[in-house]
Amino acid sequence: MQHFTSVHDVTNPLGLVQKALSIKKNPFALKALGANKTLGLLFFNSSLRTRMSSQKAATNLGMDVIVMNVTQDSWQIEMEDGVVMDGGTAEHIREAAAVMGQYCDILGVRSFPSLTDREADYNERIINAFKHHSGTPIVSLESATLHPLQSLADLITIAEYKKADKPKVVLTWAPHIKALPQAVSNSFAQWVNKTDYDFTIVQPEGFELKEEFTRGANIAYDQKEAFNGADFIYVKNWSSYNDYGKVGTAKDWLINQEKLAVTNQAKVMHCLPVRRNVVIADDVLDSQSSIVIPQAGNRVYSAQAVFQTLLETHG
Ligand code: CP
């Protein structure tokens, strides 16, 4: 594995899930592997889970960690090539990424989309710039369009909780008050499409994800029908891809216990953070149906499996 920025970077995604499950049984076994190696974690945006789980995963592997909140702690970075830098930006990504690559053996980068310029967002300018200029393996900590560390944790969680070989998994859109990226949902679709699970994505008209990511899934518009017999309900809001960045507030898509009645006692998942009673009701989050906390716990083993694989590949 050269980088970890999408499922396509992984030769055997389901093998990586099994590797993470094995690491979870004995997380400190390879404490020597990361000795004298440094992980850099660069955040252009806020984080709780990704930041803490990545630090913990690296510590479990014996790595040193440098964390930087780029927009607060560093110089303003210029992303455009060929510009006269006489404005607010003081350092170009070409130098910034290359210098960080001198200090770090693996670099993790979190960079959300603008949600105003679809072409720029879907070209993944920032994560690709780090790939091109840092000279070191890059791990996506959630890019403009994908969140593979989250998706790997999601598949680990499904593997732990599934009762059937081929569970019915439903990714459902839910309402929100502001425009959120499509990244978690695009990525979840990419990874679940690598399994043989029965996979449905349900959303209101106008909130379809980009087909590149969803191809292989059943696409539905009736939430109740989609939930019928489901083993897992993965809840997530995303803003519109087609009417780029449009917010969806349809309150009748809120997930509550009443909606779970038609499922096969489905386990409810969400990447967190979640706005209670906007996206998912208290009566679900505080019930046995919810597995959002163990799901977040698995972020450690997802990150650890990825860092371990990169250390094994790159020495
Ligand atoms: N799920 C997730 O990535 O959480 P954070 O944004 O808190 O890192």
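Side chains are part of it too, since the values below use all heavy atoms of this structure and drop only hydrogens, waters and symmetry mates. Each ligand, and each atom within it, is numbered from 1 in the order the structure gives.
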- For atom 6 (O) of ligand 1, what's the nearest protein heavy atom and its distance? R110 NH1, 2.8 Å
- Message: Suppose I only count heavy atoms of C271 and a 4.0 Å limit; which atoms of ligand 1 are within that range?
- Response: 1 (N)
- Counting both backbone and side chain atoms, is some N or O of L48 under 3.5 Å from an N or O of ligand 1? yes
- Against heavy atoms of R299, which atoms of ligand 1 measure under 4.0 Å? 1 (N), 2 (C), 3 (O)
- Task: Check whether any side-chain heavy atom of N228 lies under 4.5 Å from a side-chain heavy atom of T263, and answer yes or no.
- Result: no
- Taking 4.0 angstrom as the limit, do R276 and D282 come out as a salt bridge? yes
- Task: Using a strict 4.0 Å threshold on nitrogen-to-oxygen distance, state whether R125 and D117 make a salt bridge.
- Result: no
- Item | Any C271 side-chain heavy atom under 4.5 Å of H147 side chain | no
- For atom 4 (O) of ligand 1, what's the nearest protein heavy atom and its distance? R49 NE, 2.9 Å
- Message: Test of understanding: given a 4.0 Å heavy-atom threshold, classify the contact between L272 and ligand 1 as side chain, backbone, both, or neither.
- Response: backbone
- With a cut-off of 4.0 Å, which atoms of ligand 1 are near a heavy atom of Q150? 1 (N), 2 (C)
- Query: Which residue from R51, H147, E142 reaches closest to atom 3 (O) of ligand 1 through any of its heavy atoms?
  - Reply: H147
- Item | Intermediate values then yes/no, salt bridge (Lys or Arg N to Asp or Glu O under 4.0 Å), K19 and E312 | CA-CA 13 Å; K19 183 171 184 168; E312 286 163 348; 2.7 Å; yes
- Message: Can you tell whether the side chains of K24 and E160 come within less than 4.0 Å, N to carboxylate O?
- Response: yes
